[in-house]
Amino acid sequence: MSQVTGKAIDWKLLLRIMQYVKPYNRTFVIAALLTIFLAVITLAQPILMEIGLDKYILAGDYNGLVMIVVLMVTLLAVQTAAQYYQTYLTNALGQSVIRDLRIHVFQHIMSLRLRYFDRTPIGMLITRTVSDLETIADIFSEGLISIAGDLLLVVSIVVYMMIQDWKLSLITLIPLPFLLAATYIFKEAIKSSFQDVRTHVAQLNTFLQEHISGISIIQYFSREAQEMRKFKAVNEKYRDANIRSNWYYSIFFPVVEIFVAASIGLLVWYGCKRILSDQQMTSITADQQGITPGKILAFITLLNLLFRPIRQLADKFNTLQMGMVGADRIFKVLDTDEVAPNTGTIQAGMLRGQIEFKNVWFAYIDDYWVLKNISFTIQPGETLALVGATGAGKSSTINILNRFYEIGKGNVQIDGVDLQQYELHYLRSQIATVIQDVFLFSDTIANNISLNNPSITRAQIVEAARNVGAHEFIERLPGGYDYNVMERGATLSAGQAQLISFVRALVYNPAILVLDEATSSVDTETEILIQNAIDRLMEGRTAIVIAHRLSTIQKADKIIVLDHGEIKEMGSHQELLRIEGGYYRKLYDLQFNSAGIER
Ligand SMILES: Nc1ncnc2c1ncn2[C@@H]1O[C@H](COP(=O)(O)OP(=O)(O)O)[C@@H](O)[C@H]1O
Ligand SMILES: [Mg+2]
C-alpha cells in the first residue's frame with residue numbers, strides 16, 4: 001500500500017500543497033529569509049577564525065583578538081536566536097497547513113456517499129487523516145526549507161573556498177563526489193526500507209484495531225493463543241523492517257566520517273606542503289597568494305560545515321519524498337468525487353409524506369440488481385410494512401429513499417416531486433430512520449438525542465423521552481440526561497440504546513418515519529413498551545416498517561412481500577392472508593400456529 005514511487009520533488013503536487021500555504025505566506029517568507037540569513041551567518045564563523053588567527057594571534061595583537069572574539073560571540077548569539085526562530089516558524093507553518101488540510105479532508109469524508117465507505121476500510125481513512133497528514137507537516141519542518149538552506153550553505157561554502165584558493169579547494173574536495181554518490185545510494189536504499197517500515201506499521205495497526213474491536217469474539221472462543229501467534233509474527237516483521245532501515249544508517253554514517261577524514265587529511269597534507277614551499281620561496285609573501293595557518297583552520301571548519309548538511313541530505317530528501325507520498329494519498333481522497341450530488345433546491349416546510357416508487361431498479365454493484373421493477377404508493381399518514389427473507393432488499397429500499405444510494409432505473413417521488421429535486425439535507429431531515437444497530441457517540445445522553453442541534457431544547461428532549469417511555473431509565477442513570485455514554489454505547493443495554501434512538505427520531509419531528517428491524521434487539525417486554533412508543537411516533541406520519549414480528553406488521557395499511565428484490569405480494573393483512581400458499585400466509589402460520597410462542 002505504501003508504494004514509494006514518487007519523485008522527491010513532484011512540482012505539481014508541491015504547487016497544490018503550496019495552495020494551503022497561502023494563508024501563511026508571511027510566515028513562509030520570513031522562514032525562507034531566515035534560512036538564507038542563517039547560511040550567510042554560518043559562513044562568517046570560519047572567516048572570522050581565519051582573520052583572528054592570522055591577523056591577531058600570530059601577530060600578537062591582543063586587542064584585535066578580543067574584538068574578533070566579541071564579534072564571534074555576538075554572531076553566535078544572533079545565529080542561535082535566528083535558528084530558534086526559524087525552527088519555530090517552519091514547525092508552526094507545517095502544523096498550520098496540516099490543520100487546515102485535516103479540516104478539509106474530514107469535511108470531504110463526511111460528504112462522501114455510503115457507497116465509498118462500503119469499499120474503503122475505516123483504518124485506511126484514519127491513516128490518511130492522521131499519519132499521512134503528519135508527513136506533510138515534515139515537508140515544511142524538515143524537508144523543503146531546510147534542504148534549500150542546506151544546499152545554499154553547501155554552494156556558498158564551495159564557492160567561498162574556490163575564491164579563497166581554488167587549488168587547495170579542488171584537492172580538498174576530491175572525496176566530495178564520492179560522498180555524493182554514497183549519499184545517493186544510501187537515499188535509494190533507505191527509501192525502500194522506509195516503505196517496508198510503513199507497510200508493517202500499517203499492518204500492525206490494522207491487526208490491533210481489528211482484534212481490539214473483536215475482543216469479545218476472541219474471548220468467547222478462547223482464541224487468545226492463536227491470535228497471539230499471529231500478532232507475534234506481525235510484530236516481528238515490523239521489528240525486522242526497522243532493524244533493516246537502521247542498518248543502512250549504521251553503514252552510512254561511518255562511511256561519511258571516512259570521507260570527512262580523507263578530506264581533512266588532504267587539506268592538511270597539501271596545505272602544509274604549500275606553507276613549507278612558500279617559506280622557501282621568499283619572493284612570495286604569504287599575503288599575496290599563499291596559505292596561512294588561519295586559512296587551514298578556516299578550511300577545516302568549512303569542511304565540517306560542508307559535510308554536516310550532506311550527511312543529513314539523504315534523510316531530508318526521504319522526509320520530503322514521504323511528505324510527497326502522503327500528500328499524493330491525501331489528494332486522492334480529496335479527489336474522490338463520490339459526493340452525493342446535491343443540486344435539488346426544494347425545501348418547503350414539512351412534507352406531507354406521500355411516497356411513490358415507479359418501476360425502480362437498483363444495484364450496489366454494476367447491474368447486479370438488488371431491487372427489480374419495484375412500484376408502490378403510500379399515502380400521507382399510512383404505514384407500509386416490508387417483509388421478506390434476509391437479503392430480500394428491504395433495507396435497500398429505505399437506503400434509496402434517504403438517497404444514501406442512487407437508483408439505476410425508474411424514479412422515486414415524495415409528494416409528487418422527484419427525490420433529486422429536494423435539497424439533500426432537507427430531504428434527510430424529513431425522514432427519520434431507526435435501525436437495528438444503534439450508533440451512539442461518546443457524549444451525553446442528551447447530545448446523543450439532539451445530535452448537538454442547538455435548536456432542540458432540553459424540554460423537547462425530555463418530552464420526547466417521556467413519549468417514548470425512555471424517560472424513566474434515563475433518569476435512573478447517574479447524571480440522568482448528562483450521563484456520558486461510553487464509546488458505541490457499550491455501557492447501555494441494547495434495548496436502552498434502541499429506546500434512545502427512538503427518542504432521537506421523535507425529537508426531530510420528521511414527516512416520514514422509517515423503522516428497519518428496530519425492535520429486533522429488544523425483549524418482548526421492552527418491545528411492548530416500544531410498541532406503544534412506535535404507535536405514538538407513527539401518529540400523523542407516513543411510516544415504513546421493516547419487522548419480523550407479525551404483531552407489528554399486521555397493523556400496517558399496506559404490506560409488501562419482497563423476494564430477491566421483487567414484489568411477490570402486496571396488500572393489507574387480510575388480503576394477503578387469503579392467498580393460499582402465499583409467502584405471507586406461510587409466515588403467519590409459522591409464527592401463530594407453531595407452539596404459540598409469540599401469542
Ligand atoms: N452496501 C452493499 N454493497 C453491496 N451489496 C449490498 C450492500 N448492502 C446490501 N447488499 C446486498 O443487497 C441485497 C439486499 O440487501 P438488503 O437490502 O440489506 O436486504 P434485507 O434488508 O432485506 O435483509 C443482499 O443480497 C445484500 O448482499
Ligand atoms: Mg436489512
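All ligand and atom numbering here is 1-based and tracks the order in the structure. Along the sequence shown, residues are numbered consecutively beginning with 1. Atom set for the values below is all heavy atoms of this structure, side chains included, hydrogens, waters and symmetry mates excluded.
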Task: Rounded distance (nearest 0.5 Å) linking atom CD of Gln554 with atom OH of Tyr584 - done: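 Reported to 0.5 Å precision, the distance equals 6.0 Å.
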Task: Approximate separation, where rounding is to 0.5 Å, of Arg428 CZ and Ile512 CD1 - done: 13.5 Å
Task: Tyr368 near ligand 1 by a heavy-atom separation under 4.0 Å - done: no
Open item on the list: With a 4.0 Å cut-off on heavy atoms, is Gly388 in contact with ligand 1?
Closed with: no
Open item on the list: With heavy-atom distances below 4.5 Å as the criterion, would you say the side chains of Met538 and Leu513 are in contact?
Closed with: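 Touching, per the 4.5 Å side-chain cut-off.
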Task: Min side-chain heavy-atom separation Glu134-Asp138 under 4.5 Å - done: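 Not in contact.
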TODO: Please answer whether the main-chain N or O of Leu562 pairs with a side-chain N or O of Lys394 as donor and acceptor at a distance below 3.5 Å.
DONE: no
For ligand 1, find out whether one of its N or O atoms is nearer than 3.5 Å to an N or O atom of [X].
| X | answer |
| --- | --- |
| Lys394 | yes |
| Val370 | no |
| Ile365 | no |

Could you check [atom] against the protein and tell me its nearest heavy-atom contact, residue, atom and distance included?
| atom | answer |
| --- | --- |
| atom 2 (C) of ligand 1 | Tyr364 CD2, 3.4 Å |
| atom 1 (N) of ligand 1 | Asp118 OD2, 2.8 Å |
| atom 23 (O) of ligand 1 | Gly391 N, 2.7 Å |
| atom 18 (O) of ligand 1 | Ser395 CB, 3.6 Å |

Open item on the list: Around atom NZ of Lys237, are there more than 12 heavy atoms from other residues, nucleotides or ligands closer than 6.0 Å?
Closed with: no
Task: Sub-4.0 Å atoms of ligand 1 with respect to non-hydrogen atoms of Thr390 - done: 23 (O)
Open item on the list: What I want to find out is whether Asp335 reaches Arg16 closely enough, with some N-O distance under 4.0 Å, to be called a salt bridge.
Closed with: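 The answer is yes: the pair qualifies as a salt bridge.
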Open item on the list: Strictly below 4.0 Å, N to O, side chains only: are Arg466 and Glu463 in salt-bridge contact?
Closed with: no
Task: Sub-4.0 Å protein heavy atom near atom 26 (C) of ligand 1 - done: no
Task: atom 12 (O) of ligand 1 protein-contacted (non-hydrogen atom, under 4.0 angstrom) - done: yes
- [ ] Examine Ser395 and say whether one of its N/O/S atoms is closer to the Mg ion (ligand 2) than 2.8 Å.
- [x] yes
Task: From CA spacing to verdict: side chain to side chain contact (heavy atoms under 4.5 Å, CB included), Met324, Asp328 - done: CA-CA 6 Å; Met324 293 289 169; Asp328 189 40; over 6 Å; no
TODO: Return the minimal non-hydrogen interatomic distance between Tyr238 and Leu204, and the atom names on each side.
DONE: CD2-CD2, 3.9 Å
Task: Nearest option to atom 17 (O) of ligand 1, as decided by whichever heavy atom of Ala363, Ala392, Ser396 sits closest - done: Ser396
Open item on the list: Checking contacts here: is it the side chain or the backbone of Tyr405 that comes within 4.0 Å of ligand 1, counting heavy atoms only? Could be both or neither.
Closed with: side chain
